[in-house]
Amino acid sequence: MKFEDLKVSAAICELLQRQGISTPTPVQEKVIPHLRAGKDLVVQSKTGTGKTLAFLLPTIERLKKIPATQSLIIAPTRELALQISKVAADLCAIVEIDSVVICGGQDIDRQKDKLRRIPQLIIGTPGRLLDHLKRGTIQLKSVNKIIVDEADELLKLGFIEDVENLIRETSSDKQMILCSATMPLRIRQLAAEFMSNPKEIFIDTKTVTLENINQVVVKVNADKKLGRLCEILTEENPYLAMIFCATKENTSKLALELAKQNFEVEELHGDLTQQQRNFVLKKFREAKIQILVATDIAARGLDIEGVTHVISYDVPRDFETYIHRIGRTGRAGEKGTAITLVTNEEIERLRRIERGIKKQIEVKRPTVKNNIRRGRKIFKRGESNSAKR
């Protein structure tokens, strides 16, 4: 099946193709038609199944270009709200719809200015959304499409009553989708109160498979991280490797440092033009470069054959991002390796990831001999890596 078969517009299909997203996931195949039909949905799905696009695609395409907020997405954390907003931004640009993310940690006056534009789509966290509601700077009566994402996390964090208060401020005639990895009684009560005969969709967790990916952790001092990364690249000798950094600045800096060490490397982040990104990805797909250093947003949805290694140079803030990263390898039945470099300051992030995936990740012990030169190039500049596969 293709996105065209799900009646996704040609312009958005083209955008997805440019982002390396060619076929819908099982959750997208099941959710999109029901949302297009206007049904309420309860979706039980683990992270990494593609649910964000599943609810964004039909929601955004159905928004009207009028000065009224029509859709509200509620997320449990600032990180998830920002992540959803970044995915939504490209889609909204295609259909000329305005979206705003409203969450803590941001200047509230700047948020007020954005809300004065009356965006058609608002993505936010419960606390900050309620804050604006009390201030009278947000108006939800025209909202007729509501998405509650990671409802069980909202419950764990004590936000369910806030969510209920927000829903009560929206239109009485609304469509609602509730996404949750688990379905405790309190979440089912929420669905029963606010949803009309919802269709229930369960996505088997086997759709997100990690069996083909060898996950390891490398503990390292912050000042030794670059050197240890070079050693790992020398040890592992990847066919193609993706290295993830938390920011564009870190991405550019690391790519430069690896180039100085004679590694065949390029960077991929949001500051590059689409033409530059396409050029970099073409070189990587053709194995004309061996290492791609990227931010999470720039690499979202990429499906590149032959990625044997994924390395998290910066530990991701949540396990959904971790799953997204390591899912770039171990595809189509091939084996892959996912290595996470962890400093003492990042240990708690690692623990959150392990709780999310319900697995303790193996710690890799140093095996590099002292006489191996750091950062030695794995193949000559200009030489195709295909001969080494």
Side-chain angles (χ1 to χ4, degrees), residues 1-65 70-71 73 80 83-99 120-121 123 145 147 149 175-179 199-209 268 270 274-275 277-278 281-282 284-285 294 296-305 307 320-321 323-325 327-328 331-333:
M1 180 176 286
K2 297 181 179 180
F3 284 100
E4 291 89 341
D5 301 324
L6 297 173
K7 296 183 171 56
V8 176
S9 71
I12 288 183
C13 286
E14 184 180 341
L15 170 67
L16 296 176
Q17 285 285 349
R18 292 200 302 268
Q19 294 176 341
I21 305 171
S22 54
T23 56
T25 66
V27 71
Q28 291 159 5
E29 289 182 10
K30 292 183 178 181
V31 165
I32 290 174
H34 289 298
L35 285 187
R36 283 192 174 282
K39 295 183 181 295
D40 285 0
L41 287 184
V42 173
V43 181
Q44 187 171 354
S45 170
K46 296 287 185 184
T47 188
T49 54
K51 61 181 173 58
T52 301
L53 270 182
F55 61 68
L56 279 178
L57 287 173
T59 298
I60 289 174
E61 283 195 314
R62 293 163 63 214
L63 293 176
K64 298 176 181 178
K65 298 177 186 178
Q70 303 154 52
S71 184
I73 300 176
L80 181 57
Q83 182 177 305
I84 295 170
S85 73
K86 288 172 182 174
V87 178
D90 289 339
L91 299 172
C92 288
I94 292 290
V95 297
E96 298 179 339
I97 289 296
D98 193 13
S99 66
Q120 287 90 0
L121 169 63
I123 303 158
K145 297 176 185 65
I147 295 123
D149 198 13
Q175 180 185 21
M176 184 168 161
I177 176 171
L178 187 151
C179 301
K199 167 76 175 176
E200 294 197 17
I201 293 176
F202 173 76
I203 301 299
D204 193 333
T205 55
K206 290 179 182 177
T207 57
V208 181
T209 177
L268 185 70
Q274 189 61 53
Q275 184 177 7
R277 290 167 70 172
N278 290 343
L281 288 172
K282 185 174 186 293
F284 190 55
R285 283 193 173 95
D296 292 298
I297 296 303
R300 179 158 294 281
L302 290 185
D303 185 3
I304 296 176
E305 183 181 354
V307 176
E320 185 166 27
T321 303
I323 292 292
H324 161 70
R325 288 183 182 183
R328 301 311 97 204
R331 304 177 79 86

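The basis for the numbers below is simple: all heavy atoms, side chains too, and nothing from hydrogens, waters or symmetry mates. Note that the structure is a prediction, hence the values are computed from the model and not measured.
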Asks: Does K64 offer a backbone N or O that forms a donor-acceptor pair with the side chain of Q70 under 3.5 Å?
Replies: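 At least one qualifying donor-acceptor pair exists.
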
Asks: Yes or no on salt bridge (charged side-chain N to carboxylate O under 4.0 Å, His left out) for D296 and K86, after CA distance, side-chain angles and deciding distance?
Replies: CA-CA 11 Å; D296 292 298; K86 288 172 182 174; over 6 Å; no

Asks: Could you pull out the closest heavy-atom pair between L35 and A54, with the gap in Å?
Replies: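 For L35 and A54, the tightest heavy-atom pair comes out as CD1-O, 3.8 Å.
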
Asks: Would you say L57 and F3 make side-chain contact, with heavy atoms under 4.5 Å?
Replies: yes

Asks: Give me the atom names and distance for the closest heavy-atom approach of A88 to L121.
Replies: CB-CD2, 4.2 Å

Asks: Partners of K7 by salt bridge (charged side-chain N to carboxylate O under 4.0 Å, His left out), sequence neighbours excluded?
Replies: none

Asks: Is V27 close to F55 at the side-chain level, that is, under 4.5 Å between some pair of heavy atoms?
Replies: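 A side-chain contact under 4.5 Å is absent here.
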
Asks: Return the CD to CG distance between Q17 and L15, rounded to the nearest 0.5 Å.
Replies: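 Going from CD on Q17 over to CG on L15, the span is 10.0 Å.
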
Asks: Which heavy atom of I147 sits nearest to which heavy atom of S71, and what is that distance?
Replies: CD1-OG, 4.3 Å

Asks: E200: what forms a side chain to side chain contact (heavy atoms under 4.5 Å, CB included) with it, not counting sequence neighbours?
Replies: V42, R188

Asks: Starting from the C-alpha separation in whole Å, work towards a yes-or-no answer on side-chain contact (heavy atoms from CB on, under 4.5 Å) for F284 and V307.
Replies: CA-CA 9 Å; F284 190 55; V307 176; 4.0 Å; yes

Asks: Taking only residues two or more places apart in sequence or in another chain, which ones pass side-chain hydrogen bond (donor to acceptor under 3.5 Å, both in side chains) with E14?
Replies: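 If we apply the side-chain hydrogen bond (donor to acceptor under 3.5 Å, both in side chains) test to E14, skipping adjacent residues, the hits are R18.
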
Asks: Quick one: side-chain hydrogen bond (donor to acceptor under 3.5 Å, both in side chains) partners of D5, sequence neighbours excluded?
Replies: none

Asks: Atom CD in Q28, atom CD1 in I21: separation rounded to 0.5 Å?
Replies: 7.5 Å

Asks: Are the side chain of D40 and the backbone N or O of M176 linked by a donor-acceptor pair below 3.5 Å?
Replies: yes

Asks: Roughly how far, to the nearest 0.5 Å, is the SG atom of C179 from the CG atom of L41?
Replies: 8.5 Å

Asks: Side chain to side chain contact (heavy atoms under 4.5 Å, CB included) with L53: which of I12, V8, L16?
Replies: L16

Asks: Under 3.5 Å, is there a donor-acceptor pair between the side chain of Q175 and the main chain of K39?
Replies: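 Indeed, once roles are kept as given, a pair shorter than 3.5 Å links the two residues.
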
Asks: Can you tell me how far the CG atom of L6 sits from the CD1 atom of I32, to the nearest 0.5 Å?
Replies: 5.0 Å

Asks: Who are the salt bridge (charged side-chain N to carboxylate O under 4.0 Å, His left out) partners of K65, not counting sequence neighbours?
Replies: E96

Asks: Looking at side-chain heavy atoms only, is the closest gap between L268 and R277 below 4.5 Å?
Replies: yes

Asks: Restricting to salt bridge (charged side-chain N to carboxylate O under 4.0 Å, His left out), what partner residues turn up for E61, sequence neighbours left out?
Replies: R36

Asks: Can H34 and I201 be said to form a side-chain contact (heavy atoms from CB on, under 4.5 Å), step by step?
Replies: CA-CA 10 Å; H34 289 298; I201 293 176; 3.8 Å; yes

Asks: Of all residues at least two apart in sequence or in a different chain, which pass the side chain to side chain contact (heavy atoms under 4.5 Å, CB included) check with D98?
Replies: R117, P119, Q120

Asks: Taking only residues at least two apart or on different chains, which pairs with a member in residues 22-34 satisfy salt bridge (charged side-chain N to carboxylate O under 4.0 Å, His left out)?
Replies: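 Passing the test, one end in residues 22-34: no pairs.
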
Asks: Measuring from atom SG of C92 to atom CD1 of I123, what distance do you get when rounded to the nearest 0.5 angstrom?
Replies: 7.0 Å

Asks: For A11, enumerate each residue passing the side chain to side chain contact (heavy atoms under 4.5 Å, CB included) test, keeping only those at least two apart in sequence or located in another chain.
Replies: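 Only S9, I94 meet the side chain to side chain contact (heavy atoms under 4.5 Å, CB included) criterion with A11.
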
Asks: Rounded at 0.5 Å granularity, tell me how far CG in L91 sits from CD1 in I60.
Replies: 4.5 Å

Asks: Just so I know, are the side chains of L80 and Q83 near enough to count as touching, which here means a heavy-atom distance under 4.5 Å?
Replies: yes

Asks: Below 4.5 Å, heavy atoms only, C-beta onward: do I73 and L56 meet side chain to side chain?
Replies: yes

